[in-house]
Every structure is written in structure tokens, then in C-alpha cells.
Student: 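The structure that follows is given in the form of C-alpha cells.
Reminder, nothing fancy here: chain letters follow the sequence lines and each chain counts from 1.
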Amino acid sequence: MARRERPAGEPAGAPRQLTRRAFLTRALGAAGVTSAAAYAAYAPEDWPGAARDADGLRSVPAVKPFRLTDFRVAKPVGAPDVAVGHGGDAMTRLRKALDALGGLAHYVSPGDIVLLKPNVAFDRAPVLAATTNPEILAALIRLILVDCRAQEVRVADNPIESPADCFAKSGIAAAVASAGGRVYLPDANAFRILNTPDSRLIENWQFFHRPLTNANKVIGVAPVKDHNLCLASMGMKNWYGLLGGRRNQFHQDIHELVSDLSLMIRPTLTILDGTYVLMRNGPTGGDPADVRPGDAVVAAVDPVAADAWAYRHLLSRTTELPRYLLLAEEKGTGSASTEGRVREIA
Amino acid sequence: MGKRLNMRRFDPHRLFNPLPRKVLRRHVGGGEIAATICCGLGLIGVCLWVAGRGADGRARDQFLPPPAVAESSMPDQLYHEDPPPNLPPQTGGGREMHLPAQAVGGREMNLAPFPPEILAGGWRLEKGVETYTPDTLFEKIDGAAEQYLSFGCRGMAFAALANGGDSLTVELYDHATFANALGIFAAQRGATAPVTESAGARYYETQVGAIGVVGARYVKIVGSAPGSAVVAKARAVLAALAALPEMAAAVPHLYRLLSGAAPGVTPGSVTYERQDVFQLGFLRDFWFAGKPAAGDQARYFLHDAGDSAAAQKLLERFLGEQEYEYRTVAPAGSWTVMEHQVLHTFFAVGSAGAIVFGIDAAESRQRADAAMAELREALAHGTA
């Protein structure tokens, strides 16, 4: 900074005399800085630039949301988007569907950590078809561990009821343990804020994050069942089980939410368990008379198409497709049209 | 200029810093003064801010108002804790419940609103009785709660019972009125499930339990696996619930009228629709009955409009809406008969005093006329 010249005649080394102009300038500057600091300290919280933090919430560290990676794997050339296996036991139906889709080994590589997301929403017995059938889940875990040589298979869901009870009574805890998988139960520290760009309702929302740590493949394994609010609960609705917080408020606009779920997670595969189909009184059920054997397992790389096919053929609904499928189509997460995209293996 | 001044003190023998120390300077620049003032003011500002924030460790400064806590908290409702032991007995409709000695883990549990008889036969509670309000019902039946709430559900109690390898859950929904309970019962019951009436309970059995109505309560008993022991226990639980005085609820007169309206109409076939009847928003509180066992799709219906003027007004509006799908074939006399333009089934509706009565989906004109005559006669007897 250039130093101001001494006035003529002033001896070198003599103390400087402060001029009135300089004094006023500095005094005004000091007053300005003081005023700014006082404003910041005392202004109400909602005023711009205010630093007041009466309830301490402003000083809470902001948690940076995370984003999920895209878990999809390109299907082999010539494979359909949706494959359906019929006949035989659970393992047979599952193999038929997966083989038609190019084989499970195409989608899961050796060393992968795979998260399976069944629907374990209620503490209901498997015979009531309100939850994923444990036989299908066990068969899939064995295929992933043995055929695909995956490093680990995790199984997770966040039922709003007691998770331990739901996993036990649905038979899924025992099935997972016997097949070599590992159940992740939710707790308050297992959630982080997930950022889902372009979603309307869950752009930043609590998400059951822990089982996804280092996981590089994600497969949804959902039952096909009637739903009181959104007509049907299938593959896309299944991801609701990974949300935390007061998620029930989304029931006000459930179709928008379910379509947002298709944006939230792009799974490697969607598997629909049509072993038993809850035809009415879903999602909880309670009467085996409401359940119909479906004799089908659906495997798909397009969750929207899988749901559309199951709605027509497993739930046998001839009415219009649920609105969430059309919304998901608009959001670009799949196509509800199944024409020429489904291969059924008897 | 600074360099020129410093040259006089330049010492070439100093190894690291040949320049003189700044403290020896006789001049401090304006920029440095300004920066010092700014730093000082900044420190003062920070002190003021800290003082204003009140972070001095006193309790009042650590207090967060409850709304702020609720706003910033993530609800932790993942698990339902058992209620603390030795709770004083709650009262259920004026009747004090007795605590059974048998309990979970040696602790006494409050069974209310269930009677102690639900533990008869060696059954035990797996965990404490859970209760839910309309605001928390979704915590138990997320996604299904709305249907119960649409039938006026004002609370639910849940008990999980076990006996050896058998287990079952009892869901007791309080719907405030018999009509509401019957409404949700009819909405969830399969058309072919035969209804049993026994000692104040109307229910049907499933492979894993029983589902029914006891007074104003809708009861859902679901076992873990099919079995006769579970179904027998479900029946016993329903009987125990039906024996409770507080479970008694007034049976609406339209239900009684409709139950005996025509030969073959059984109480089990009587249902109640609370809103959006015939998918028309202005039609509420209708009672229906049919004879599904005979393969007849026709349904009788009754509605109490309150007074004859209201009944007449409702009837006119109802007929006006029906004209979009039906053509009138007999507008004369006490009732109007209409034929569906596509299905060619017959619909008839009329009024008697405050009661709107009719039949829907009759297979012929004669069937519709006969049903209307039966209903009118039943109403005449019922109101006499």
C-alpha cells in the first residue's frame, strides 16, 4: 500500500498528526463495523444476516444428504424386459424367470455385496400373503451365494411394526438364516437423508441407509397384493419400506410417492413373488380365503413393466392401471407397456 | 520509501533477517491501524453474539420449546415398548378389568380392554397389549388404517397370544356404533363366507382364525398357521368379548327391519355402507341385504332420511342420478321401477315416511315389484 506523503516541512520521524477528515473516515468505519456486529447479534432470527440462534437449531450441523448410485445392469442382447417363470417349486420358477432374463450371473458378479429388499411390512404368517414368501427369498439367496459367488447377501426392510416380530412371524428371518444371508434390522442410527433429484415428495428424506453401505447390487423381492389406497402393492411400492421418518403422511398422495420411489432407487432386478397373491383386503390381509395361488415368479429389469404385467395377470385386474405406473412412466423410470416385452416360461 | 528508511539499519552480517525488526519502526501505516480496529471490533462482535445467544450453560438457555423439538426430531417409533409393570387397572366402559397373574417374563400385564378369559386354556400374552388411537393406527396397519377410519374407528387394541406352538393375534377395533362395525365387516368379508351369529357375536371363520363384529367392535383374529386349535381359540375369544357388558351396542332398527324383510334374508347378509353409496356422494348410511346363497344378485336397501320431506327430496335426487344409466319403466304409485340400459337389470326405489327403500339388480320387473311389496309390508309392521 502506498504510504501517504508527509506534509512539507514536517521532519522525518516526527509523530503524524491525524487530520479531521481521516478521523471522521475512521470513526465512521468503526461505527459501521460495530453496527453490523450489533445487528448480527441482536436482530431477530428471521431477519436477513441475523446471527441470533434462540433455540439452538441454527447451530445444529447441517447433514449433507447422500445420493444412491444406479444399481442397474444392462440386460443381455435379446433378453426380454420381463420374464415370468411358471410351474414347479419356488426354486424352479425363480430359475426359469432369471434364466429367461439372461441368467442371474449376468447381473450379480463374484464378490458383490447384494442387498435384497423383501416386503416384511406386517407380522403376518406367510399363508396370508401380506409379506414376501420366505421360500422365494431363500432360493434367491442360495442362487446369489452359490451360483454367483457373491461376497454377502443382506436382507433389509423397515416395517413400521416391531421389525423383529415382522421378520420372525413372516418366516423371513429363519429363511434368510438358513440360506446364508444376513438380516439388517433398522434402528434410529441406521438412517440418513437421501437426496433424490426430480422427485416431488422425497427429494430429501430419511432413508434406511446402513444395509446399503458398500452394497453394489440391489434386488427388490416383493409380493403381489391388493392395496387399500393405491390399488396394488408390487415391486415399486416395495421400496416404501426403506423410507424412515413420518412416511405415513405420503398416503395423502400415494401415487405420486410410489412413482417417486422408482426414481429413488434403480434396482439391479425386480422380482415379484406371485407364489400367493393377496387378491383383496390388502395390504394387511388376515383371511387365507383372500389369497390365491399364483404359480408365478416375475423377474424384470423394468420395474414399471413388471408391475403392469402383474397387475393384469396376477391380480387379474381389468381396470385401468394404477396411476403411479403412469406417473413413473412420465418420470422416465420405465414403461407400463408390456407388449412384446414379456417372456413366459411354462 | 520503506526500503530507503530500512537501508540505514541494514546489517549484512545478520544471516536470516537482514531487515530491522518492525517494533523498531517509528511509523505504523493506516492500513495496519484499520485492520487492527477491524479485528478488535470483530472480537467485540463475537463477544456480543455469544452474550446475545446466552450460551452460558444456564438451564433456561438450554431449553427448547416442545414444538421446536418436535420439528427437529425424527420419531423413533420403531419398537413398541411393553407398558411398565403393575399399572393400575384401567376401566373399560365402567367395568374394571382384572389383571391376570400370568404375564410376560414374570411381570403383570394390563389386559384392558380384553377380558382375562382370553388367556383361558393355557394361552399367554406374547407381549403387552398395544393400543392405538386414530392418529397412531398407521403404526400398526400402515396402508390399511384409512379404511378403518372411514368407518369411524376411534381406537384399536392389539394382543398377541401364544400356546405351545400355536399363536394368534387379536385386533379389536372400536367403531363407536354397531353400524360402523358392521360396515367394515361387510367391506372386508368375502361374499361366500357364511356368517355365524352366536351370543352377541356375528363372525365368520377362516382357516387361521375368525373375523367378526361384537357390538360396536370389529374383531380380527389371525393365527400363525391353519389349525383347528387356533380356530377354536378364536371362537372362544369372540365369545369372551361378547360377554363383556361394555361390548353391547344398540342394534339399529333398520338392521332389525331388514333382517326380517323377506324370506331368506338372514342377519348375516345384512351390510351397511357409510358413504358414497351407489358411488353417489350425497348418499350415506344405507343398509343392504341380499340372498347370496340363492345366487340372486338382488340387494334390498333401506335408508332413514330423518323425516318424510327429506326422504322425498333424497328420492328425487337419487332418481335423477339414476336416469343416466337407467330408463324408467314404471313411475307410478308408491315406488319407481327402472331398467338398466346395458345390463337390463331392474332397480326400484320408493319411500315410506322417513324411510327410503328399494331393490337393486333385480333380474326381472316382477322380482322388483315383489321385493318392494315385501319391503313396504315389513316397514309397515316395523313402524306399527
Student: Heavy-atom distances under 4.5 Å only: say whether B:Ala210 touches chain A with side chain, backbone, both or neither.
Tutor: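 When you check distances to chain A, no heavy atom of B:Ala210 falls under 4.5 Å.
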Student: Check each atom of B:Ile141 against the heavy atoms of chain A and say whether the ones under 4.5 Å are side chain, backbone, both or neither.
Tutor: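 Both parts, heavy atoms under 4.5 Å.
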Student: Quick one: does NZ or CZ of A:Lys237 land under 6.0 Å from the six-membered ring centre of A:Tyr324, within 45 degrees of the ring axis?
Tutor: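 Verdict for A:Tyr324: no cation-pi partner in A:Lys237.
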Student: Looking only at the side chains, is there a donor atom on one of A:Ser316 and A:Arg292 sitting less than 3.5 Å from an acceptor on the other?
Tutor: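 Indeed, the side chains of A:Ser316 and A:Arg292 share at least one donor-acceptor pair under 3.5 Å.
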Student: Out of A:Thr34, A:Asp287, A:Asp290, return the one with the most heavy atom pairs under 4.5 angstrom to chain B.
Tutor: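 The option with the most such pairs is A:Asp287.
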Student: Chain B heavy atoms under 4.5 Å from A:Arg52: which part of the residue, side chain, backbone, both or neither?
Tutor: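 Both parts, heavy atoms under 4.5 Å.
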Student: Select one option (side chain, backbone, both, neither) describing which atoms of B:Ala34 are under 4.5 Å from chain A's heavy atoms.
Tutor: neither
Student: For B:Thr169, is it the side chain, the backbone, both, or neither that has a heavy atom closer than 4.5 Å to a heavy atom of chain A?
Tutor: side chain
Student: Side chains of B:Tyr148 and B:Gln188: donor-acceptor distance under 3.5 Å anywhere?
Tutor: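 There is such a pair between these side chains.
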Student: With rounding to the nearest 0.5 angstrom, report the CG to CD distance, A:Leu261 to A:Glu256.
Tutor: 10.5 Å
Student: Between B:Ala160, B:Ala144, B:Cys38, who has the most heavy-atom pairs with chain A when the cutoff is under 4.5 Å?
Tutor: B:Ala144
Student: Examine whether an atom of A:Ile254 lies under 4.5 Å from a heavy atom of chain B, and if so say whether it belongs to the side chain, the backbone or both; otherwise answer neither.
Tutor: neither
Student: Could you tell me whether A:Phe250 atom CZ has more than 12 heavy atoms of other residues or ligands within 6.0 Å of it?
Tutor: yes
Student: Using a 6.0 Å cut-off, check whether atom CD of A:Glu135 has over 12 heavy atoms from anything other than its own residue.
Tutor: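 For A:Glu135, atom CD is not crowded (no more than 12 foreign heavy atoms under 6.0 Å).
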Student: Does any heavy atom of chain B fall under 4.5 Å from the side chain of A:Asn281, the backbone, both, or neither of them?
Tutor: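 Side chain of A:Asn281 only, per the 4.5 Å heavy-atom cut-off to chain B.
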Student: Using non-hydrogen atoms and a 4.5 Å limit, figure out which bit of B:Ile33 sits close to chain A: side chain, backbone, both or neither.
Tutor: side chain
Student: Identify the two heavy atoms, one from B:Val213 and one from B:Phe185, that lie closest to each other, and give their separation to 0.1 Å.
Tutor: CG2-CB, 3.4 Å
